Trainee: 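Before we start, here is the structure in question, set down as structure tokens.
For clarity, every value in this text was computed on a predicted model and none was experimentally measured.
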Amino acid sequence: MHVLLLKEPRDEESAPDPYMKELESHGHKATLIPVLSFKFVSLNTFSDKLFQPEKHGGLIFTSPRAVEAVKMCLDMGGRREEWNKSIKDKWNSKSIYVVGKATAALVQSLGLKPLGEDTGTADVLSRLIIEREDTDIPPLFFPCGSIKREVLPTALRENGVPLETLTVYQTAEHPDLEKNLKNYFTEQGTPASIAFFSPS
């Protein structure tokens with residue numbers, strides 16, 4: 001059976017995509033076509049905030065792209081040594097919230113200790129944060145994308161948990177999406193199944 005996966009490829013270039021691997025282990029032929037592209041923005045502002053953990057009550061990451069933006073800040077400013085020496089420990093003395101195992105693994109690669117990797121959605125994560133945090137903390141810092149859902153910010157705001165957001169990436173259609181889809185249907189025909197991995 002031919003399966004078309006409309007999703008981003010796995011971040012680790014050396015490892016196969018887990019969905020492709022699973023489908024192929026059951027005798028299916030899977031093809032992955034990326035549908036989105038990302039442009040990073042506000043990295044100078046983001047870098048400044050990352051290196052001032054004392055101004056925030058913790059961090060929230062709901063996507064691998066936000067963690068990728070952290071890595072870009074560390075590399076572009078040559079600040080990885082400063083991060084490793086002291087800044088990451090200052091963040092680790094606070095709560096670092098994440099949605100999902102992939103995001104948690106990337107956060108761990110920065111030397112941070114994530115909480116909430118099993119929550120799975122921003123809605124469930126917001127409940128965890130509300131249970132754990134007081135309303136008199138400095139704002140939690142939430143680097144996010146341009147099309148983030150408002151579930152988490154709304155829930156925290158309604159429960160008095162202070163939050164500061166910063167858009168660090170913009171999401172757009174992958175520049176080769178139309179061409180890749182045409183090529184797929186021309187070469188492979190109609191797949192037995194199509195899996196969509198993002199509302200976008």
Side-chain angles (χ1 to χ4, degrees), residues 8 11 36 38-77 79-172 198-200:
E8 288 306 299
D11 286 334
L36 302 175
F38 303 96
K39 177 185 176 192
F40 291 93
V41 296
S42 307
L43 292 182
N44 287 333
T45 302
F46 186 31
S47 184
D48 290 344
K49 291 183 181 298
L50 277 176
F51 283 83
Q52 297 175 352
E54 65 280 357
K55 292 189 175 183
H56 296 93
L59 280 167
I60 301 173
F61 293 105
T62 59
S63 77
R65 292 299 150 307
V67 183
E68 192 177 325
V70 173
K71 291 181 178 183
M72 292 176 76
C73 287
L74 298 181
D75 292 338
M76 80 177 187
R79 301 184 81 178
R80 192 169 289 274
E81 186 177 338
E82 181 184 357
W83 173 265
N84 288 331
K85 275 187 177 175
S86 65
I87 300 299
K88 74 175 180 186
D89 292 332
K90 289 178 182 174
W91 279 116
N92 276 328
S93 71
K94 304 167 186 283
S95 297
I96 314 291
Y97 295 103
V98 299
V99 169
K101 294 186 185 307
T103 304
L106 291 171
V107 165
Q108 287 172 327
S109 75
L110 294 171
L112 299 174
K113 298 175 184 125
L115 297 166
E117 71 179 67
D118 294 322
T119 55
T121 67
D123 181 42
V124 177
L125 180 64
S126 67
R127 285 184 250 147
L128 174 68
I129 294 170
I130 292 163
E131 286 172 15
R132 291 180 45 95
E133 299 296 339
D134 293 322
T135 56
D136 62 349
I137 61 166
L140 297 173
F141 183 43
F142 179 28
C144 53
S146 57
I147 58 171
K148 75 176 181 322
R149 294 177 54 229
E150 290 298 321
V151 171
L152 188 137
T154 300
L156 296 185
R157 189 171 40 255
E158 288 175 353
N159 286 276
V161 177
L163 181 71
E164 179 183 345
T165 62
L166 178 67
T167 299
V168 296
Y169 66 93
Q170 295 174 335
T171 306
S198 167
S200 301

Trainee: Is there a side-chain contact between Ile137 and His56, using heavy atoms and a 4.5 Å cut-off?
Mentor: no
Trainee: Using a cut-off of 6.0 Å, state whether more than 12 heavy atoms not belonging to Glu54 lie near its atom CD.
Mentor: yes
Trainee: Would you indicate whether the side-chain heavy atoms of Phe46 and Phe141 approach each other to under 4.5 Å?
Mentor: yes
Trainee: When you check the gap from the basic side-chain N to the acidic O, do Glu164 and Lys49 get nearer than 4.0 Å?
Mentor: yes
Trainee: Would you check if Tyr169 and Glu68 make a side-chain contact, meaning some heavy-atom pair closer than 4.5 Å?
Mentor: no
Trainee: I'd like to know if the side chain of Glu117 pairs up with that of Tyr97 as donor and acceptor (distance under 3.5 Å, no hydrogens or angles considered).
Mentor: no
Trainee: Any donor and acceptor pair, going by atom type alone, linking the side chain of Thr154 with main-chain N or O of Val151 inside 3.5 Å?
Mentor: no
Trainee: For Thr171, is there any backbone N or O sitting under 3.5 Å from a side-chain donor or acceptor partner on Ser146?
Mentor: yes
Trainee: Side-chain contact, heavy-atom cut-off 4.5 Å: Val67 with Val98?
Mentor: no
Trainee: Once you round to the nearest 0.5 Å, how far does CZ of Arg157 lie from OG of Ser126?
Mentor: 12.0 Å
Trainee: Between Lys148 and Ser63, is any pair of side-chain heavy atoms under 4.5 Å apart?
Mentor: no
Trainee: Can you see which heavy atom on Cys144 is nearest to which on Thr165, and at what distance?
Mentor: SG-CB, 4.3 Å
Trainee: Would you mind checking if Lys85 and Glu82 are paired as a salt bridge, meaning a charged N to carboxylate O distance below 4.0 Å?
Mentor: no
Trainee: Does the side chain of Asn92 reach to within under 4.5 Å of the side chain of Leu112, using non-hydrogen atoms?
Mentor: yes
Trainee: Check step by step if side chain to side chain contact (heavy atoms under 4.5 Å, CB included) holds for Leu125 and Ile60.
Mentor: CA-CA 9 Å; Leu125 180 64; Ile60 301 173; 4.1 Å; yes
Trainee: Looking at every non-hydrogen atom in both residues, tell me the closest pair between Leu115 and Arg132 and how far apart they are.
Mentor: CD1-NH2, 3.4 Å
Trainee: Which atom names give the shortest non-hydrogen contact between Pro143 and Ala66, and what distance separates them?
Mentor: O-CB, 3.5 Å
Trainee: Glu8 and Leu36: side chain to side chain contact (heavy atoms under 4.5 Å, CB included), yes or no, with the steps?
Mentor: CA-CA 7 Å; Glu8 288 306 299; Leu36 302 175; 3.6 Å; yes
Trainee: Show the nearest heavy-atom pair for residues Thr135 and Val161, with the distance to one decimal.
Mentor: CG2-N, 4.3 Å
Trainee: Looking at OG1 of Thr119 and CG of Leu152, how far apart are the two atoms once the value is rounded to the nearest 0.5 Å?
Mentor: 9.5 Å
Trainee: Specify the closest pair of heavy atoms between Asp134 and Pro162, including all atoms of both residues, with the distance to one decimal.
Mentor: O-CD, 4.3 Å
Trainee: Would you check, one step at a time, whether the test side chain to side chain contact (heavy atoms under 4.5 Å, CB included) holds for Arg80 with Asp75?
Mentor: CA-CA 6 Å; Arg80 192 169 289 274; Asp75 292 338; 3.0 Å; yes
Trainee: Tell me whether Glu131 is salt-bridged to Arg127, with the criterion being a basic N under 4.0 Å from an acidic carboxylate O.
Mentor: no
Trainee: Indicate yes or no for a side-chain donor-acceptor contact from Ser109 to the backbone of Leu106 under 3.5 Å, with no hydrogens or angles considered.
Mentor: yes
Trainee: Does Arg65 make a cation-pi contact with Phe38 (under 6.0 Å, within 45 degrees of the axis)?
Mentor: yes
Trainee: So Leu50 and Cys73, do their side chains get closer than 4.5 Å, heavy atoms only?
Mentor: yes
Trainee: When you look at Lys101 and Asp118, which way does the side chain to side chain contact (heavy atoms under 4.5 Å, CB included) test go after all the steps?
Mentor: CA-CA 7 Å; Lys101 294 186 185 307; Asp118 294 322; 2.5 Å; yes
Trainee: Measure the spacing between CD1 of Ile130 and CD of Glu158 and express it to the nearest 0.5 Å.
Mentor: 8.5 Å
Trainee: Using atom types as modelled and distance alone, determine if a side-chain donor or acceptor of Lys94 lies under 3.5 Å from a backbone N or O of Pro53.
Mentor: yes
Trainee: How many angstroms lie between OG in Ser95 and CG in Leu128, if you round to the nearest 0.5 Å?
Mentor: 8.5 Å
Trainee: Check whether any side-chain heavy atom of Leu59 sits under 4.5 Å from a side-chain heavy atom of Trp91, and report yes or no.
Mentor: yes
Trainee: Closer than 4.0 angstrom, basic N to acidic O: yes or no for Arg149 and Asp123?
Mentor: no
Trainee: Output the distance between atom CG (Leu74) and atom CZ (Arg79), rounded to the nearest 0.5 Å.
Mentor: 9.0 Å
Trainee: Looking at Thr121 and Val124, would you say the former's side chain and the latter's main chain have a donor-acceptor pair under 3.5 Å?
Mentor: yes
Trainee: Roughly how far, to the nearest 0.5 Å, is the NZ atom of Lys90 from the CZ atom of Phe51?
Mentor: 10.5 Å
Trainee: Can you tell me if Lys71 has over 12 outside heavy atoms packed within less than 6.0 Å of its NZ?
Mentor: yes
